[in-house]
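Counting starts at 1 for both ligands and their atoms, following the listed order. Numbers here simply count residues along the sequence, with the first being 1. The structure presented is a predicted model; accordingly, all values stated were derived computationally and were not measured.
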Amino acid sequence: MRPFLAAANWKMNKTPEEAVAFFREFKPLVTNSNHRQVAIFPPMLLLTTVREQLNDGSFLWGAQNCHFEKQGAFTGETSPAVLARLGAHFALVGHSERRTLFGENDELCAKKVKAIQAEGMTPMLCVGETLAQRESGTTADVIKSQLAKGLAQADLDGPLVIAYEPVWAIGTGKVATPDQAEEAHRILRAQLNDLGGARLGSRVQILYGGSVTAQNARELSMLPNVDGFLVGGASLNPQSFAAIANVK
Ligand code: PEP
């Protein structure tokens with residue numbers, strides 16, 4: 001049984017003081033649940049602030065990005081080995097903003113997935129089609145190719161989470177319909193089965209991301225292949241993110 005995972009992608013938002021204020025309000029609002037996980041992806045400089053706020057172990061946390069090398073002449077980059085030493089559980093890979101604004105491609109994602117797993121953390125690999133790709137009927141090909149290429153160097157017995165995030169739904173207020181989300185998640189799960197056998201397909205959580213709110217989360221959370229959410233805008237507010245986490 002795959003646990004439901006509610007993940008907050010704060011992007012480049014919040015100061016240390018705002019992060020502390022968020023948790024003061026958020027933690028009492030989240031109900032106890034054995035089959036639900038909550039993870040926070042703050043900006044890099046807030047990782048230790050978030051770690052201090054989450055020191056009772058009931059929440060998970062991770063980085064929004066990292067390099068694929070442990071160390072070296074990579075000015076401005078973050079080592080996955082250091083993230084692991086800090087205690088991070090996850091690192092995002094291939095978020096659409098990294099792909100479109102920072103030129104990250106599938107080959108780079110594959111190296112990052114491998115490096116994150118090698119440090120004992122869980123890569124959360126993001127895939128998703130643009131509006132033009134959806135309208136031209138190539139959604140399935142696009143997401144299958146991103147998944148296969150992103151996992152090309154992965155340990156398929158290792159930790160892994162996938163986030164399906166249609167680019168046209170991220171930060172736009174346009175959420176995928178339940179049918180669109182379930183179809184994409186089914187395609188991705190079948191692809192995991194093809195790549196790593198039924199054990200991989202049945203154990204890996206596939207999250208939906210793209211304009212998830214407290215209003216639309218419940219219906220999407222009931223879809224058989226949706227194992228949680230990666231939430232941007234609505235995760236910045238403690239009340240709305242708690243309402244999303246509490247749907248399961
Ligand atoms: C995201 O950035 O991963 C995301 C899904 O953003 P939003 O929820 O704001 O669409």
- Message: What I want to find out is whether R98 reaches E104 closely enough, with some N-O distance under 4.0 Å, to be called a salt bridge.
- Response: yes
- Message: What I'd like to find out is whether the side chain of S33 reaches to under 4.5 Å of the side chain of K248, using heavy atoms alone.
- Response: no
- Task: Measure the acute angle between the ring planes of F22 and W10, then classify it against the limits of 30° and 60° as parallel, tilted or perpendicular.
- Result: perpendicular
- Note on the structure: Heavy-atom contacts under 4.0 Å to ligand 1, chain-then-number order, include exactly N9, K11, H95, E165, A169, I170, G171, G209, G210, S211, L230, V231, G232, G233
- Message: Can you classify the ring geometry of F229 versus F4 as parallel (below 30°), tilted (30 to 60°) or perpendicular (above 60°)?
- Response: perpendicular
- Message: Would you call the rings of Y208 and Y164 parallel, tilted or perpendicular, taking 30° and 60° as the class edges?
- Response: tilted
- So, the side chain of D227 versus the backbone of I162: is there a donor-acceptor pair under 3.5 Å, distance only? no
